[in-house]
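Take a look at the structure set out below.
Only this structure's heavy atoms are used, side chains among them; waters, hydrogens and symmetry mates stay out.
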Amino acid sequence: MVMNTEQIEHFVMRYLESMECQVMEKTPVYVTVKLSEQADRALTNRPYYWGFVDRTGAEPETMRFTFVFDPAKLPPERGPVSYVTAPAGQPPAAGSANQPDGGQDSIMGRYFGVAPAFTGGGGGIGRIPRENVHYGSPRLESMMRAAAEQGRFIALFDQGYAEHRPISRGPKRSLAYEPWLMLNLKVEFACDLKREEIHSLGISLYNGAIQEGFMEQLQQRDMSPKLPNHVHTVPSRFTVDQGILLIEDHLNELLKDIDLTWAIEASERLEEELDLLDAYYIPLLKQEQEAARAAQEAAPAVVPTIINKPPSLPILPEDKEQMKENEQEQTESSVPMSIQEQYNMRRKELEWQFEPRIEIHLINAALVHLPHEQS
């Protein structure tokens, strides 16, 4: 599925807000932010700088970025910026290496011009780097990868119900929340073709009830990782591992009812491919076997002879290892694959490509706390 501009903008803004980045300027075309430390570590690829900060305990200076969603609507004054040389038509700064009467002469300044100031958290006169964020761009892929890694396991609480619940006349009592385990799973029906399904299943760790489409239900609620006021959680009767096993059993029951026509057709295509493979390779295998039998019958008998060899120097252990590696490399490079080896390899490739199989992958998981029905 290809994301459009609105979906990309929505995802980028949600990611930046969840990473607690400071929004400096926001328009429908672009957004300029000062990255948080966590976002800077995930997006800017500065391992040496962050290694220095971790070793020395120095105050980190995070970068500022402009992410462009629609480059065609970008104002002219926010056009492409060179991060090595000064903008065209702009005279070099006073005292720079390009000035005849400037200060110290630098090789970088002599060959590449004036480099703009670093656009870190301390501000400065430098230009803010910008990047176009579109589907398939490296920056968007890095955001998606960071979101998948950092948001794979989370804990959430329902905020809306606790804030808008009716207030009783008596003392305000604590509201009971029960824990739910949510697993978002991707089910792949794979053969030479592939079809994918997303299943969002939730199980109550209090009573074992299982609900399908659990993610869609949570999207209608105000969820947050913060525990609301005057709320307590009821004890779990099932562990997380037990909840996972129950969800696996439920998903297996769902998969038993699917239409297996695709698997039957894939098996038929596999048989056709294997028949074609046999039709090509079986005559070659017979020829190879006959040639090997004839060569064995024609080979003369070998009479062992005793040769007195002069004593040789001892071989060191490291030399033996090197000799073994050289012999293995020569054997692999000089000896071609036999017909039998080619046939076996090709057969395994066809079985992997056409054999029907169902694979289940975990997308993410969450421990969700929702109002207890009996509270």
Side-chain angles (χ1 to χ4, degrees), residues 3 6-24 26 31 33-39 41-43 143-186 198-244 246-247 250 362-375:
M3 300 174 63
E6 294 181 359
Q7 293 172 334
I8 292 175
E9 179 183 357
H10 180 67
F11 170 79
V12 171
M13 294 306 302
R14 284 188 58 190
Y15 174 79
L16 295 175
E17 292 173 0
S18 64
M19 299 293 281
E20 299 181 351
C21 299
Q22 179 183 354
V23 178
M24 303 171 60
K26 175 66 176 72
V31 61
V33 296
K34 184 178 185 297
L35 300 178
S36 63
E37 179 178 340
Q38 188 178 9
R41 290 177 181 267
L43 300 179
M143 288 184 182
M144 291 181 174
R145 184 168 55 254
E149 293 175 355
Q150 298 170 0
R152 192 172 177 84
F153 305 100
I154 58 175
L156 297 174
F157 297 87
D158 187 354
Q159 302 288 328
Y161 187 85
E163 295 177 357
H164 300 91
R165 63 174 176 166
I167 302 177
S168 59
R169 297 182 179 179
K172 200 171 187 179
R173 63 186 182 89
S174 177
L175 183 66
Y177 272 31
E178 67 177 90
W180 285 75
L181 175 65
M182 180 186 68
L183 298 182
N184 291 326
L185 304 168
K186 180 174 68 174
I198 304 297
H199 291 262
S200 180
L201 300 174
I203 179 171
S204 171
L205 299 181
Y206 175 77
N207 56 21
I210 297 179
Q211 294 186 9
E212 301 178 11
F214 200 70
M215 186 67 185
E216 289 75 8
Q217 300 180 28
L218 295 184
Q219 290 178 343
Q220 301 175 4
R221 298 173 177 263
D222 183 13
M223 306 300 298
S224 171
K226 181 181 178 182
L227 177 68
N229 296 327
H230 307 289
V231 166
H232 71 276
T233 58
V234 298
S236 302
R237 298 178 181 177
F238 298 89
T239 64
V240 173
D241 293 337
Q242 292 173 338
I244 294 175
L246 292 174
I247 287 180
H250 181 79
L362 175 66
I363 300 175
N364 51 26
L367 188 61
V368 183
H369 294 82
L370 301 179
H372 186 39
E373 295 181 357
Q374 299 178 0
S375 60

*Gap between atom OG1 of Thr233 and atom CG of Leu227 - 0.5 Å precision*: 8.0 Å
*Kindly write out the residues that satisfy side-chain hydrogen bond (donor to acceptor under 3.5 Å, both in side chains) with Gln217, not counting sequence neighbours, or none if the list is empty.*
Gln211
_Given 3.5 Å as the limit, does a donor-acceptor pair link the side chain of Glu9 with the main chain of Glu6, or not?_
no
_Heavy-atom check, side chain of Pro371 versus side chain of Asp158, under 4.5 Å_ = yes
*Could I get the full list of side-chain contact (heavy atoms from CB on, under 4.5 Å) partners for Glu20, not counting sequence neighbours?*
none
*Would you please name every residue forming a side-chain hydrogen bond (donor to acceptor under 3.5 Å, both in side chains) with His199, sequence neighbours left out?*
Glu197
*asked:* Could you tell me if the side chain of Gln22 sits less than 4.5 Å from the side chain of Val33, heavy atoms only?
replied: no
*Quick one: list whatever passes side-chain contact (heavy atoms from CB on, under 4.5 Å) with Ala39, sequence neighbours left out.*
Met19, Cys21, Leu35, Ser36
*Closest non-hydrogen atom pair between Pro225 and Leu156, with its separation*: N-CD2, 3.9 Å
_Test salt bridge (charged side-chain N to carboxylate O under 4.0 Å, His left out) applied to Glu37 - qualifying residues, sequence neighbours left out_ = Arg41
_Return the CD1 to CG distance between Ile244 and Leu362, rounded to the nearest 0.5 Å._
8.0 Å
*Applying side-chain contact (heavy atoms from CB on, under 4.5 Å), name anything that partners Leu218, two or more places apart in sequence or on another chain.*
Met182, Phe214, Arg221, Met223, Val368, Leu370
*Less than 4.0 Å between a side-chain N and a carboxylate O, is that true for Glu178 and Arg237?*
no
*Verify, without hydrogens or angle tests, whether Ser236 (side chain) and Thr239 (backbone) share a donor-acceptor contact under 3.5 angstrom.*
no
*With sequence neighbours excluded, residues passing side-chain contact (heavy atoms from CB on, under 4.5 Å) with Asn364*: Asn184
_Taking the side chain as everything from C-beta on, heavy atoms only, tell me whether Ile198 gets closer than 4.5 Å to Leu185._
no
*Under 3.5 Å, is there a donor-acceptor pair between the side chain of Gln159 and the main chain of Lys226?*
yes
*Out of curiosity, Glu17 CD to Arg14 CZ, how far, rounded to the nearest 0.5 Å?*
9.0 Å
*Within 6.0 Å of CZ in Arg152, more than 12 heavy atoms from elsewhere*: yes
*Is the shortest heavy-atom distance from the side chain of His250 to the side chain of Ile203 under 4.5 Å?*
no
*Report yes if the side chains of Leu16 and Phe11 come closer than 4.5 Å at any heavy-atom pair, otherwise no.*
no
_Once side-chain hydrogen bond (donor to acceptor under 3.5 Å, both in side chains) is applied, do any residues pair with Arg145, and if so which ones, sequence neighbours excluded?_
none
*With sequence neighbours excluded, what pairs up with Phe157 under the ring-ring contact (aromatic ring centres under 6.0 Å, His included) test?*
His369
*asked:* To the nearest 0.5 Å, what is the distance between CG on Leu205 and CH2 on Trp180?
replied: 9.0 Å
*At their closest point, which heavy atom of Tyr15 faces which heavy atom of Ala146, and how far apart are they?*
OH-CB, 3.5 Å
*Residues which pass side-chain hydrogen bond (donor to acceptor under 3.5 Å, both in side chains) with His232, listed by chain and number, not counting sequence neighbours*: Ser174
*Working to the nearest 0.5 Å, report the span between CE of Met143 and CD1 of Ile8.*
11.0 Å
*Please name the pair of heavy atoms, one in Phe238 and one in Asn207, separated by the smallest distance, quoted to 0.1 Å.*
CE1-C, 3.6 Å
*Can you tell me how far the NE2 atom of His372 sits from the CG atom of Leu175, to the nearest 0.5 Å?*
10.5 Å
